[in-house]
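These notes are about the structure you will find just below.
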Amino acid sequence: FGGGLMRVFDTAGLLYSVIYFLLILGFSYFYSTMQFNPIEVANNLKKNGGFIPGFRPGKPTADFIARVIHKITFFGAIYLAIVALLPIIAGNTISGASALGIGGTSVIIVVGVALETVQALEAQMLMRHYKGFLE
């Protein structure tokens with residue numbers, strides 16, 4: 001039973017890849033829902049006198065922001081899932097790469113940390129009136 005279960009949920013298997021893909025999509029939506037409240041943003045816009053052209057302040061603005069966030073989250077989650085699945089796909093298609101030592105999740109983490117570090121360094125450099133790294 002244990003061996004059969006291990007074969008079904010093998011990290012190079014199709015079922016594992018599908019579940020991995022769906023979990024990345026689900027957690028992306030969960031994270032964006034927890035971190036971004038469109039009603040609060042719409043209320044802050046209304047309170048500070050701001051608006052989105054073509055939408056009345058209040059609920060229509062919040063609905064528009066929610067729709068845009070869902071679209072952005074969908075495409076971002078698809079991108080993250082593809083990046084996370086690329087090492088699995090490469091390991092299955094390229095002979096000799098089945099023991100690929102890097103996973104998609106670790107690639108996402110490393111790139112995220114690198115981008116955060118560059119942004120922190122840029123902020124420090126701009127605060128000291130330097131030109132910066134990327135320009």
Side-chain angles (χ1 to χ4, degrees):
F1 175 75
L5 196 61
M6 289 298 288
R7 280 189 296 279
V8 169
F9 290 107
D10 182 25
T11 57
L14 181 65
L15 182 63
Y16 174 81
S17 298
V18 169
I19 291 173
Y20 193 42
F21 185 85
L22 292 175
L23 283 173
I24 290 172
L25 288 178
F27 280 114
S28 296
Y29 273 100
F30 174 75
Y31 182 77
S32 69
T33 305
M34 291 293 116
Q35 293 298 317
F36 192 83
N37 185 359
I39 296 170
E40 182 180 331
V41 172
N43 288 338
N44 286 340
L45 277 172
K46 185 166 69 170
K47 193 181 338 176
N48 293 322
F51 64 95
I52 296 175
F55 295 95
R56 295 183 56 80
K59 184 165 173 27
T61 300
D63 292 341
F64 173 74
I65 292 172
R67 274 187 280 132
V68 170
I69 290 300
H70 285 298
K71 289 177 186 176
I72 291 172
T73 302
F74 176 73
F75 288 113
I78 293 291
Y79 176 75
L80 284 176
I82 289 170
V83 167
L85 286 174
L86 278 178
I88 295 172
I89 294 168
N92 288 340
T93 56
I94 301 171
S95 62
S98 62
L100 196 60
I102 189 165
T105 308
S106 59
V107 169
I108 292 170
I109 292 170
V110 167
V111 169
V113 169
L115 289 174
E116 289 273 336
T117 304
V118 167
Q119 286 177 348
L121 289 172
E122 281 287 328
Q124 289 293 325
M125 299 280 290
L126 289 175
M127 199 165 57
R128 298 188 192 290
H129 305 292
Y130 292 119
K131 188 170 178 100
F133 289 130
L134 300 178
E135 294 181 8

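One-based numbering along the sequence shown. Note that the coordinates shown come from a computational prediction; the quantities given were computed from them, not determined experimentally.
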So does Arg56 get a backbone contact from the side chain of Thr61, meaning a donor-acceptor N/O pair under 3.5 Å?
yes
Is Asp63 salt-bridged to Arg67, going by a charged N under 4.0 Å from an acidic O?
no
Going only through I, L, V, M, F, W and Y residues with side-chain contacts under 4.5 Å, is there a path from Val8 to Phe1?
yes
Scanning both residues in full, the closest heavy-atom pair of Pro38 with Ala62 reads CB-O, 3.7 Å
Nearest heavy-atom approach of Pro57 to Pro60 is O-CD, 4.1 Å
Spell out, yes or no, whether Leu23 and Leu14 are grouped together once hydrophobic residues are joined by side-chain heavy atoms under 4.5 Å, including indirect joins.
no
Given the options Ile39, Asn37, Leu45, Ile65 meets side chain to side chain contact (heavy atoms under 4.5 Å, CB included) only with Leu45
Can you get from Phe75 to Ile82 by hopping between Ile, Leu, Val, Met, Phe, Trp and Tyr side chains that sit under 4.5 Å apart?
yes
dist Tyr16:OH -> Ile88:CD1 (nearest 0.5 Å) comes out at 5.0 Å
Nearest 0.5 Å, what's the CD-NZ distance between Glu40 and Lys47?
8.0 Å
Test of understanding: clusters of I, L, V, M, F, W, Y form through side-chain heavy atoms closer than 4.5 Å, transitively. Do Val83 and Ile78 belong to the same one?
yes
Write down the atom of Phe74, the atom of Tyr29, and the distance for their closest heavy-atom approach.
CB-OH, 3.1 Å
Rounded at 0.5 Å granularity, tell me how far OG1 in Thr33 sits from NE2 in His70.
6.0 Å
Between Phe30 and Phe27, how do the two ring planes meet: parallel, tilted or perpendicular, split at 30° and 60°?
perpendicular
Cluster overlap Leu85 with Leu15, hydrophobic side-chain contacts below 4.5 Å:
no
Of all heavy-atom pairs linking Leu80 and Ser28, the shortest is CD1-OG, 4.1 Å
Atom pair NZ (Lys46) and CG (Asn44), whose distance is rounded to the nearest 0.5 Å:
11.0 Å
Closest heavy-atom pair and its distance - Ala84, Ile24:
CB-CD1, 3.4 Å
For the CG atom of Leu25 and the OH atom of Tyr20, what is their distance to the nearest 0.5 Å?
12.0 Å
Distance from Ile89 atom CD1 to Ser17 atom OG, nearest 0.5 Å?
7.0 Å
How far apart are the C-alpha atoms of Phe55 and Phe64, what are their side-chain angles, what is the distance that settles it, and do they pass the ring pair (Phe, Tyr, Trp, His ring centres under 6.0 Å) test?
CA-CA 8 Å; Phe55 295 95; Phe64 173 74; 4.2 Å; yes
